[in-house]
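The structure appears below as structure tokens.
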Amino acid sequence: MPSASPLRDRFADGAQYIGGKLRPGTSGRFQDVVDPATGATLLTYELASTADVDDAVAAACAAFPGWSRATPAERSEALQRFAAVLAARADAFARTESVQCGKPIKLVTGFDVPGTVDNTAFFAGAARHLEGKSAGEYSGDHTSYVRREALGVVGSIAPWNYPLQMAAWKILPAIAAGNTIVLKPAEITPLTALMFAQAATEAGIPDGVVNIVSGTGPVAGEHLVSHPDVVMTSFTGSTAVGQRVAALAAATVKRLHLELGGKAPFLVFDDADLEAAVHGAVAAALINTGQDCTAATRAYVQRPLYEAFVTGVAALMETVRLGDPGDPHTDLGPLVSHAQRDRVAGFVERARATATVVTGGRAPGGALADGAYYRPTLITGADRNSEIVTAEVFGPVLVALPFDTDDEGLRLADDTPYGLAASAWTRDLYRAGRATRELRAGCVWINDHIPVISDMPHGGYGASGFGKDMSSYSFEEYTQIKHVMYDNTAVARKDWHRTIFGDR
Ligand code: NAD
């Protein structure tokens with residue numbers, strides 16, 4: 001792990017990245033970045049003020065004409081260089097992401113960092129595939145075509161659970177399409193978003209195309225959403241804050257892209273491969289210490305497999321090794337903060353009154369007592385409408401419930417206002433087909449749960465929001481369509497003028 005001082009040195013100039021340079025905030029308010037594995041403060045920085053947000057938006061406005069007029073090939077080449085810089089810095093990104101979030105080094109080196117490099121490489125290619133769909137003589141007298149245009153300055157707000165990947169998911173499609181951007185990371189985890197922006201500059205992406213304001217939601221976030229020079233808000237975070245953001249964005253009629261919370265069902269039919277379902281459930285519930293919007297949270301298991309599933313999941317959870325995130329043998333790190341750990345513990349304590357905690361349900365002591373750790377937790381016997389079954393816990397907690405008929409299982413899986421992700425486990429082709437049709441979620445896996453891929457869209461239904469990250473579908477969010485119509489007749493008095501001059 002990097003010691004605190006290299007990080008302090010790296011961000012000695014401040015934690016705001018505006019116009020291609022790091023500088024301090026000007027709010028007079030300071031924020032600690034804390035290692036959740038130990039509680040140690042890694043560095044302290046001055047938060048962004050509304051004036052800092054104004055400066056970042058001004059830098060993005062100034063960069064927009066040049067960047068939006070760069071050819072697709074020029075933007076693509078810049079993004080290819082960007083991917084190469086990220087790959088060369090993979091180790092520093094992995095160590096910094098691990099220490100600011102408490103993520104096990106296995107996770108950051110196997111998922112966060114390579115996923116980000118791949119996403120950058122994907123958008124380097126996709127930048128050359130932006131196209132309008134139509135060109136032709138639709139009226140007979142005109143040639144029409146569609147121009148796909150960049151929007152302008154995008155304002156993005158990201159959560160703390162995957163700070164590097166969320167920065168990449170927001171920044172890459174926006175700039176590949178010719179926009180410029182101001183991103184506000186979560187104030188407790190700004191470091192890898194700042195490093196990502198620095199890498200963009202190092203790759204030759206012009207100053208002002210990518211700006212980072214490290215500030216709080218109510219100050220920097222709300223100002224960015226309300227800013228009249230920002231044309232779009234792209235937000236990833238909780239549904240409650242997303243609702244507030246949507247209300248604020250309405251005042252300036254901004255385009256919105258909302259990636260919100262989730263409560264993913266994990267539906268196991270009685271013909272499923274039990275070993276695969278048990279391993280899949282534990283991995284999908286515990287990834288990133290359960291702080292994943294698509295994590296498996298509600299396992300519905302058909303009655304004949306239910307007892308064996310519960311026994312298998314509990315036994316496997318008990319083998320999971322909690323420990324120092326920097327140790328390559330650590331399976332599960334702490335939660336992102338002590339506050340998040342206490343929030344998760346609160347959900348489990350309230351559930352205990354009516355449900356059974358089969359395993360976990362407590363923080364470890366001993367050498368891990370100072371960290372924000374919580375043991376993998378399996379809960380059974382919960383009421384279907386209780387808080388632990390319906391609310392987003394965002395921790396290493398899985399609830400298992402039995403069902404009898406396929407109809408009942410599918411109904412329970414869909415019984416949530418969220419709709420981000422779901423999985424079904426079966427060896428029956430027809431059951432799988434029915435599940436993919438009926439599960440109401442932006443992503444449905446069959447016999448797996450979690451993998452994402454740069455080429456495919458990620459986004460929710462219902463209270464999980466709307467719009468897509470990743471893939472060429474994300475360009476629908478970050479571009480606008482212009483219909484251009486040329487007259488082909490060269491006639492001064494056109495036929496349609498009858499509607500005004502008809503009797504003359
Ligand atoms: P959060 O909603 O508390 O915060 C998200 C971001 O919004 C942070 O940067 C925060 O500073 C900012 N913010 C807070 N109040 C704001 C306000 N009034 N105006 C503007 N911005 C404001 O979420 P979190 O706790 O950081 O992250 C966890 C949540 O994110 C979970 O609900 C999770 O499901 C969701 N999430 C969703 C996806 C997805 O793709 N759908 C991905 C990751 C995380």
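Start at 1 and go down the list; that is how both ligands and their atoms are numbered. Atoms considered below: every heavy atom in the structure, side chains included; atoms not considered: hydrogens, waters and symmetry mates. We're numbering straight along the sequence, starting at 1.
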| Test of proximity, K184 against ligand 1: N or O pairs below 3.5 Å | yes
| task | State, without any angle test, whether D469 and S474 hold a side-chain donor-acceptor pair at a distance under 3.5 Å. | result | no
| said: Check R411 with D415, please: is the shortest side-chain N to carboxylate O separation under 4.0 Å? | reply: no
| Where's the contact between A158 and ligand 1, heavy-atom distance under 4.0 Å: side chain, backbone, both or neither? | backbone
| K103 bridged to D112 by N-O distance under 4.0 Å | yes
| query | Just which atoms of ligand 1 are under 4.0 Å from any heavy atom in W160? | reply | 24 (P), 25 (O), 26 (O)
| request: Using a strict 4.0 Å threshold on nitrogen-to-oxygen distance, state whether R148 and E476 make a salt bridge. | output: yes
| Side chain, backbone, both or neither: the part of L420 lying under 4.0 Å from ligand 1 by heavy atom | side chain
| request: Quick one: which residue pairs count as a ring-ring contact (aromatic ring centres under 6.0 Å, His included) with a foot in residues 207-262, not counting sequence neighbours? | output: H223-H227
| message | Closer than 4.0 Å to some heavy atom of E222 - which atoms of ligand 1 meet that? | response | 17 (C), 18 (N), 19 (N), 20 (C)
| field | With sequence neighbours excluded, residues passing ring pair (Phe, Tyr, Trp, His ring centres under 6.0 Å) with H338 | value | none
| query | Which protein non-hydrogen atom lies closest to atom 38 (C) of ligand 1, naming both residue and atom, and how far is it? | reply | C293 SG, 2.9 Å
| L260 N/O to ligand 1 N/O under 3.5 Å | yes
| field | atom 4 (O) of ligand 1: any protein heavy atom closer than 4.0 Å | value | no
| task | Examine T216 against ligand 1 and note whether any of their N/O atoms are separated by less than 3.5 Å. | result | no
| note | Residue, atom and distance of the protein heavy atom nearest atom 1 (P) of ligand 1 read S238 OG, 3.6 Å
| said: Tell me whether ligand 1 is touched by S464 - counting only heavy atoms on the residue side and a distance under 4.0 Å. | reply: no
| F11 and Y17 aromatic centres sub-6.0 Å | no
| message | T239 versus ligand 1: do any nitrogen or oxygen atoms come within less than 3.5 Å of each other? | response | no
| remark: Under 4.0 Å between heavy atoms, the region of H458 that gets near ligand 1 turns out to be side chain
| query | Identify the closest protein heavy atom to atom 12 (C) of ligand 1: which residue and atom is it, and at what distance? | reply | I157 CG2, 3.6 Å
| note | Here the atoms of ligand 1 under 4.0 Å from any heavy atom belonging to T236 are 5 (C), 36 (N), 37 (C), 38 (C), 39 (C), 42 (C), 43 (C), 44 (C)
| field | Ligand-side contact atoms (ligand 1) for residue partner N161, heavy atom cut-off under 4.0 Å | value | 43 (C), 44 (C)
| Is it the side chain, the backbone, both or neither of F235 that has a heavy atom closer than 4.0 Å to ligand 1? | side chain
| query | For ligand 1, which atoms sit closer than 4.0 Å to a heavy atom of P185? | reply | 9 (O)
